[in-house]
Amino acid sequence: MDTAAIGSEARSSIGAAQSLDEIEKLRVAYLGKQGSISALLKTLGGMTPDERKEEGPKIHALREEVTAALGARKAELEQAELEQRLAAETLDLSLPAPETPKGSIHPVSQVMDELAEIFADMGFAVATGPEIEDDWHNFAALNMPESHPARAMHDTFYFPQAAGETGANEALDRAGSSARMLLRTHTSPVQVRTMKAQGAPIRIIAPGRVYRSDSDATHTPMFHQVEGLVIDKGIHLGHLKWTLETFLKAFFEREDIVLRLRPSYFPFTEPSVEADVGFAIENGRRVLGGSGDEPGHGWMELLGSGMVNRRVIEMSGLDPDEWQGFAFGVGVDRLAMLKYGMDDLRAFFDGDVRWLRHYGFSPFDQPTLSAGVGARA
Ligand code: DAH
């Protein structure tokens with residue numbers, strides 16, 4: 001092939017090359033030791049000076065041209081490859097984030113936050129006490145001395161008495177049974193602890209864990225209560241009724257909650273009342289609201305309360321002639337079940353993520369009175 005033919009073939013094959021590999025092969029084919037342009041250069045030696053004068057510049061120009069064309073095509077292919085990679089690797093920042101597992105707020109925590117919010121609005125602070133309690137605070141100071149029949153209802157978890165510990169039993173003998181340790185069976189001992197620690201006046205709620213040896217669909221060995229305590233001068237049952245009504249209306253977010261106070265008995269209150277709320281049956285489910293006396297309605301027992309027994313006020317270090325008060329206690333888990341519609345208490349403590357996903361709350365669902373305490377974001 002002559003210079004012109006090699007030139008036109010090289011131009012078209014370099015222009016058609018689709019990869020860096022092909023470019024390299026073409027470079028070898030034209031400019032390599034055995035390449036066709038290298039072979040043309042070798043023919044210069046056998047030419048006459050005139051022929052060489054004529055052919056030499058053409059062959060050299062062809063070599064330059066092919067070298068430049070190979071370089072240019074190579075740069076084009078490299079640029080295309082880069083663009084393709086950039087296109088493939090783009091990140092679409094407007095895409096929604098992928099679903100990731102999220103934690104949730106347990107309904108018990110949610111209800112406790114709701115209670116704190118509702119009672120804070122009425123001027124109540126939150127108080128706490130130990131879950132490992134002694135007999136005196138859990139029973140004796142609440143007017144349940146040793147052998148009081150009401151103790152039998154509590155199914156108490158007592159701690160074993162440390163027989164081997166020198167002095168332990170002697171100390172116990174001296175203090176009587178009141179030093180015996182147990183898991184608190186209710187939040188009522190926080191009443192005693194708060195009166196002793198703060199004196200009066202008092203307005204507190206005390207939410208927390210309590211323990212009883214009991215287990216079925218509506219009882220678990222650990223459950224939650226919230227205690228309420230108001231101590232001041234001139235406190236009477238009317239204050240109790242208003243407080244409970246205001247609390248339950250705010251909690252269930254219904255104005256038509258109707259309360260019925262029923263005479264009852266607790267050792268630590270006198271008089272004692274149990275509060276029932278009216279409900280209606282709608283689609284086979286109990287819906288709170290309205291009087292339980294209407295046809296097709298009923299009353300549901302909700303909480304225990306009463307005027308704090310003057311003996312309790314006295315044992316807690318206050319003068320019952322000067323200070324009076326009311327108290328109430330209610331199951332937090334039960335409140336959660338009624339408000340959010342669960343029917344098996346045991347599921348509260350199974351830690352099943354499907355249950356938590358269904359009944360749990362977002363950390364952004366902070367209860368506020370203005371948004372409705374149970375508002376879900
Ligand atoms: N401590 C009681 C219980 O666990 C509940 C209770 C009843 C608390 C009456 C009170 C109250 O403060 O006044 O069954």
Side-chain angles (χ1 to χ4, degrees), residues 115 119 124 126-131 133-145 148-157 182-196 200 202-214 218-232 235-245 247-248 259-277 300-313 315-316 318 320 323-335 345:
L115 295 172
F119 279 101
F124 285 62
V126 172
T128 55
E131 291 169 28
E133 191 48 285
D134 58 56
D135 188 286
W136 189 78
H137 287 92
N138 196 80
F139 290 124
L142 290 163
N143 198 28
M144 280 184 275
H148 193 287
R151 284 188 177 214
M153 287 161 55
H154 281 230
D155 303 307
T156 312
F157 287 113
L182 47 83
L183 290 176
R184 69 177 179 190
T185 57
H186 51 176
T187 43
S188 301
V190 184
Q191 291 186 32
V192 177
R193 288 188 173 273
T194 309
M195 281 188 262
K196 280 200 150 273
I202 292 172
R203 258 190 252 181
I204 54 121
I205 56 165
R209 295 191 184 101
V210 300
Y211 303 83
R212 290 184 202 179
S213 176
D214 202 353
T218 52
H219 298 87
T220 48
M222 186 281 291
F223 58 107
H224 301 85
Q225 284 188 338
V226 62
E227 194 79 11
L229 175 68
V230 168
I231 299 283
D232 211 324
I235 297 293
H236 54 72
L237 263 181
H239 296 125
L240 168 62
K241 188 169 190 224
W242 180 86
T243 305
L244 292 180
E245 232 165 46
F247 148 49
L248 292 170
L259 266 194
R260 178 176 77 173
L261 297 188
R262 207 163 22 82
S264 183
Y265 172 76
F266 300 102
F268 31 91
T269 45
E270 184 56 38
S272 301
V273 288
E274 259 173 287
D276 302 337
V277 279
M300 186 179 345
E301 192 181 309
L302 196 61
L303 52 79
S305 62
M307 301 307 293
V308 181
N309 192 310
R310 45 185 293 129
R311 289 173 57 86
V312 174
I313 295 181
M315 281 188 275
S316 302
L318 295 175
W323 302 103
Q324 304 78 45
F326 66 78
F328 58 87
V330 53
V332 174
D333 318 280
R334 183 165 157 71
L335 286 176
L345 180 62

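We're numbering straight along the sequence, starting at 1. Whatever order the structure lists ligands and atoms in, that order sets their numbers, starting from 1.
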Structural part of [X] in contact with ligand 1, heavy atom criterion under 4.0 angstrom:
X: Met307; result: neither
X: Phe326; result: neither
X: Ala327; result: both

Are any of the side-chain heavy atoms of [X] and [Y] separated by less than 4.5 Å?
X: Trp323; Y: Asp232; value: yes
X: Val126; Y: Phe119; value: no
X: Phe326; Y: Thr269; value: no
X: His219; Y: Arg212; value: no
X: Tyr265; Y: Pro267; value: yes

Under-4.0 Å salt bridge between Glu270 and Arg311: no
Basic-acidic side-chain contact under 4.0 Å: Asp276, Arg260: yes
Suppose I only count heavy atoms of [X] and a 4.0 Å limit; which atoms of ligand 1 are within that range?
X: Ser188; answer: 1 (N), 8 (C)
X: Phe266; answer: 7 (C), 9 (C)
X: Gly306; answer: 13 (O)
X: Gln191; answer: 12 (O)
X: Thr269; answer: 13 (O)

Under 3.5 Å between any N/O of [X] and any N/O of ligand 1: does that happen in this structure?
X: Gln225; result: yes
X: Arg212; result: yes
X: Thr185; result: no

Hey, which of Val210, Val190, Leu303 is the one that makes side-chain contact (heavy atoms from CB on, under 4.5 Å) with Gln225? Val210
Would you check if the distance from the ring center of Phe268 to the ring center of His186 is below 6.0 Å? yes
Identity and distance of the protein heavy atom lying nearest atom 12 (O) of ligand 1: Glu227 OE2, 2.6 Å
Checking a contact table here: which protein heavy atom is nearest atom 5 (C) of ligand 1, and how many Å away? Gly329 CA, 4.2 Å
